[in-house]
Novice: 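Submitted below is the structure of interest, expressed as structure tokens.
Residues: numbered from 1 along the sequence shown.
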Amino acid sequence: MTLQVNPFILVDGTASEAIAFYQEALGATLLFKQTVGEGPQNPDSPMTEQEKARIAHSVLLVGETKFFVADQEVGQPLSHGNGITICITADTAEEAQQLYDSLKAGGTVDIELAPAYFSPAFGMVTDKYGVCFQIFTKRAQ
């Protein structure tokens, strides 16, 4: 059996913005994007143009990792929390600093990026979409 585990980021109506943000902040490559309106429609439950424009699914690639970004379904509650974080591992402290600075734009700093006993540069931020990221730097070999 082969399994994959992929981060899936849900936002409320700002998925297009979030995709552009992650392309800029993380150098993500957009592999796939589909709006709700491009999917099957129920003629008994017509949608507004705004609802059709929401992102049903997208696939982004950062390094060797695919992750997904979509808008939560209309009417479904969205809650944020730090029970799950996305850890990004950088090769150097300079790369870690760039990632950290990009992700904290419009967000909040949870742990300042600084040397730690386990990493030359470690920090945590919650980005402007409520997603928690740990930035970790590999130890020099």
Novice: Do F32 and L30 share a hydrophobic cluster, counting only Ile, Leu, Val, Met, Phe, Trp and Tyr and linking them when any side-chain heavy atoms are less than 4.5 Å apart?
Specialist: no
Novice: Using the salt bridge (charged side-chain N to carboxylate O under 4.0 Å, His left out) rule, collect all pairs that involve residues 46-55, keeping only residues at least two apart or in two chains.
Specialist: D12-R54, E49-K52
Novice: Atom NZ in K66, atom OG in S58: separation rounded to 0.5 Å?
Specialist: 12.5 Å
Novice: Where is the tightest heavy-atom contact between F122 and A116, given as atom of each residue plus distance?
Specialist: CB-CB, 4.4 Å
Novice: Hey, any chance Y129 and I88 share a hydrophobic cluster, counting ILVMFWY side chains that come within less than 4.5 Å of each other, even indirectly?
Specialist: yes
Novice: Any donor and acceptor pair, going by atom type alone, linking the side chain of D71 with main-chain N or O of A56 inside 3.5 Å?
Specialist: no
Novice: If every non-hydrogen atom of F136 is compared with every non-hydrogen atom of S119, which pair is closest and at what distance?
Specialist: CE1-CB, 3.6 Å
Novice: Do I9 and I86 come close enough that some side-chain heavy atom pair is under 4.5 Å?
Specialist: yes
Novice: Does a side-chain heavy-atom distance below 4.5 Å link L103 with Y22?
Specialist: yes
Novice: Quick check against the 3.5 Å criterion: does E95 have a side-chain atom that pairs as donor or acceptor with the backbone of D91?
Specialist: yes
Novice: So how far is it from M47 CE to N42 CG, rounded to the nearest 0.5 Å?
Specialist: 8.5 Å
Novice: Counting neighbours of CD on Q23 that are heavy atoms of other residues, nucleotides or ligands and sit closer than 6.0 Å, is the number greater than 12?
Specialist: yes
Novice: Using the side-chain hydrogen bond (donor to acceptor under 3.5 Å, both in side chains) criterion, which residues pair with T35? Sequence neighbours excluded.
Specialist: E38
Novice: Applying salt bridge (charged side-chain N to carboxylate O under 4.0 Å, His left out) as the test, list every pair that has at least one member in residues 96-125; sequence neighbours left out.
Specialist: D101-K104
Novice: Would you say L99 and L61 are hydrophobically clustered, going by side-chain heavy atoms of ILVMFWY under 4.5 Å?
Specialist: no
Novice: Heavy atoms, side chains only, cut-off 4.5 Å: are L60 and V69 in contact?
Specialist: yes
Novice: Anything under 30° is parallel, anything over 60° is perpendicular, the rest tilted; go ahead and classify F68 against H57.
Specialist: tilted
Novice: Can you list everything that forms a side-chain hydrogen bond (donor to acceptor under 3.5 Å, both in side chains) with Q98? Sequence neighbours excluded, please.
Specialist: S102
Novice: Please check if atom CG in L31 has more than 12 non-hydrogen atoms from other residues, nucleotides or ligands closer than 6.0 Å.
Specialist: yes
Novice: Examine distances only and state if a side-chain atom of Q72 and a backbone atom of P77 form a donor-acceptor pair shorter than 3.5 Å.
Specialist: yes
Novice: Find out if a path of hydrophobic residues (ILVMFWY) with successive side-chain heavy-atom gaps under 4.5 Å connects V36 to I19.
Specialist: no
Novice: Going from OG on S16 to CZ on F21, what distance comes out if it is rounded to the nearest 0.5 angstrom?
Specialist: 15.0 Å
Novice: Sequence neighbours left out, what passes side-chain hydrogen bond (donor to acceptor under 3.5 Å, both in side chains) with Q34? Give chain and number order.
Specialist: none
Novice: Take T137 and T89 through the test side chain to side chain contact (heavy atoms under 4.5 Å, CB included) and record every step on the way to the result.
Specialist: CA-CA 6 Å; T137 308; T89 302; over 6 Å; no
Novice: With the side chain counted from C-beta on, respond yes when V125 and T108 share a heavy-atom pair under 4.5 Å apart, and no when they do not.
Specialist: no
Novice: Mind checking side-chain hydrogen bond (donor to acceptor under 3.5 Å, both in side chains) for Q41 and listing every partner two or more places apart, or none if nothing turns up?
Specialist: none
Novice: Grab the two heavy atoms, one from A121 and one from A96, that are nearest each other, plus how far apart they are.
Specialist: CB-CB, 4.2 Å
Novice: From L113 CG over to M124 CE, what is the distance, rounded to the nearest 0.5 angstrom?
Specialist: 12.5 Å
Novice: Does L78 belong to the same Ile/Leu/Val/Met/Phe/Trp/Tyr cluster as F8, with side-chain heavy atoms less than 4.5 Å apart forming each link?
Specialist: yes
